[in-house]
Amino acid sequence: MPSSSGVIDEQAFYQSHSNLILSKAPLHQENTTDDAIREEQCIKDLEKSSTTTSAPVYSIFSTRQKQLIVFFVAFGGTFSPLSGNIYFPALNSLSRELHVSSSMINLTLTTYMIFQGLAPTFFGDFADMAGRRPPYVIGFIIYISANIGIALQNSYVALLILRCLQSTGSSGTIALGTGVVADISTSAERGRYIGWSQAGMMLGPSIGPVLGGVLAQFLGWRSIFWFLVILTAVYLVPFLILFPETGRNIVGNGSIPPQGWNMSLLNYLKTRKARKEDIPSRALSEEASHASVELASKRRLRFPNPLNTLHLVAEKNVGLLLFYNSLTYVGFMDVAASLPYLLKEIYQFTDLQVGLSYLPFGFGALIGTLVTGYLVDWNYRRVAKSMGIPIDRKRGDDLKNIPIELIRIQVAIPLIIVGAAALVGYGWAMAAETSLAVPLILLFALAVSLNGSFAALNTMLIDLYPLSPSTAMAANNLVRCLMGAAGTALIIDMIQGMGRGWCFTFLAAMLIIGSPILWVLVTWGPQWRERRRVRMEEKKRIGLKPVEGEEKG
């Protein structure tokens, strides 16, 4: 709720949930000192004082296993942005060798971003049906094939088509990675895992242009794509051996053995060993096998339907969240896309110097994503403690009565304000043609803040759709990439028409003007979320089939 100053009144929001506090908080006892001590200890140790329940743990994966899984997710998430950014230094060489104009070569950038938005709508829906491993493997097979083709081709048409395939194969990893994190982590710990998983995405903008510049200058532009083939092989071999299936419709909380193409090599070897175990072990295996068959009976394998993603966009809370999230992404991408143009025009930089200038921008994005992940988890604990809600990291919390919108947006708002201010400062620093140190520092600041806010809002999106996280993130990817493609196509014309300072001031103004959306989500988001839950339970009660994809939330 807004106070007179326009800031969300957290205390008023808690007061509006007084029925929740009365039902969940420990009753205050004033009879004895011992009771008061016990009550205070309960508040201090909320995370450890979860209500006793017979429900199974949310995930059986240990902390070390989760860290290994998130490492694979983060590494896999680097390929899509890396492939987009490593390509920049080769544009001039490709234009000369293929005898086409610069605008024709730039078309390969636009089509790459379009498929970066479209492909996850297929991969996300497929992953929520068939598990996480199969889409990863299929995507990387497409990606390797496309890179080999680009390295060998000699025509513009082949380049254009293969770049689309390259984007298709790699871009699904973003939605898939978020789905994996949602599989293994509860809402109380999800923020930091989301931060680490998306950290890989931030390495692309930071190291991609540098790697591309070095490879193109010393080994030729074809070496860029052979490098990507080798890097993919280095990733894919240990992935096939070690990465476990995490899809909850396949393995539950991880206790059900995967079957068929969902098995890693390690799973396969364990299964062979289990067949040689004694009778009790075989009985346990049969019980797990029965659970696996039961889950399989509930799955409906079909051709991936991208319209499931559009169904999520049509939900009021999700649609508003995705729209505002895309505004922050447009601001971020417009800075990244216009940086080579501005650095060459103002400072007469070479391609390699331009690539090096991306380093503070990329590492700022990386730091912003990681730090925000921990802030999001800290705020979850803080608000839960204020409301007297016990946190259960093992089994997960029921978000029905938790103001998850408020928790996530409280972290995003300060970052958005800092990001908007940094955008304005960056634009006018470029207009004044100051010392290079000034725009580089501002690049770092806006990357930290804009990507931080993006990470906080992404975590909220997964909280809204925990059972179909890959589809939800695919919806996010679709909206942000299509808007990002439009923004990057117009940014140079905007700079030339409006001037450097006013152009980036306009982008910052869009963030501020659109910010009431966040207030709307905090105020009405919990009601919309609850109505949707009631609607789904009513459909199940009367035996109606939900709209395709609707049941996943």
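All residue numbers in this chain count up from 1 along the given sequence.
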I want to know whether Phe239 and Phe71 have ring centres closer than 6.0 Å.
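Here the rings of Phe71 and Phe239 have centres that are no less than 6.0 Å from each other.
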Measure across Cys164 and Thr111 and return the closest heavy-atom pair with its distance rounded to 0.1 Å.
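Cys164 and Thr111 have their closest heavy atoms at SG-CB, 3.8 Å.
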More than 12 heavy atoms of other groups within 6.0 Å of Phe506 CZ
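Not more than 12 within 6.0 Å, no.
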For the [atom1] atom of [X] and the [atom2] atom of [Y], what is their distance to the nearest 0.5 Å?
X	Y	atom1	atom2	result
Asn477	Thr121	CG	OG1	9.5 Å
Arg190	Thr459	CZ	OG1	8.5 Å
Leu450	Leu415	CG	CG	9.0 Å
Met483	Leu478	CE	CG	11.5 Å
Leu327	Ile517	CG	CD1	6.5 Å
Leu518	Leu406	CG	CG	11.5 Å

Decide whether [X] and [Y] meet the rule of one side-chain donor and one side-chain acceptor closer than 3.5 Å.
X	Y	value
Thr505	Trp428	yes
Glu97	Trp221	yes
Tyr156	Thr108	no
Gln116	Tyr112	no
Arg532	Gln527	no

I'd like to know if Asp463 and Arg408 make a salt bridge, using a cut-off of under 4.0 Å between side-chain N and carboxylate O.
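Yes, charged N to carboxylate O under 4.0 Å.
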Side-chain donor or acceptor of Asn379 paired with backbone N/O of Ile407 under 3.5 Å:
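A pair under 3.5 Å: yes.
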Verify, without hydrogens or angle tests, whether Tyr329 (side chain) and Phe454 (backbone) share a donor-acceptor contact under 3.5 angstrom.
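No; zero donor-acceptor contacts below 3.5 Å.
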Does Val383 form a side-chain contact (heavy atoms from CB on, under 4.5 Å) with Trp378? I'd like the steps, not just the answer.
CA-CA 9 Å; Val383 173; Trp378 166 81; over 6 Å; no
Find out whether the Lys NZ or Arg CZ of Arg163 is both under 6.0 angstrom from the six-membered ring centre of Tyr87 and within 45° of the ring's axis.
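Yes.
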Is the Lys NZ or Arg CZ of Arg500 less than 6.0 Å from the centre of Trp502's six-membered ring, within 45° of the axis?
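No, Arg500 does not sit over the ring of Trp502.
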Just to verify, which of Phe243, Tyr136, Phe79 counts as forming a ring-ring contact (aromatic ring centres under 6.0 Å, His included) with Tyr235?
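With Tyr235 as partner, ring-ring contact (aromatic ring centres under 6.0 Å, His included) holds for just one option, Phe79.
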Quick check: do Ile462 and Val181 have side-chain heavy atoms less than 4.5 Å from each other?
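No. Closest side-chain heavy atoms not under 4.5 Å.
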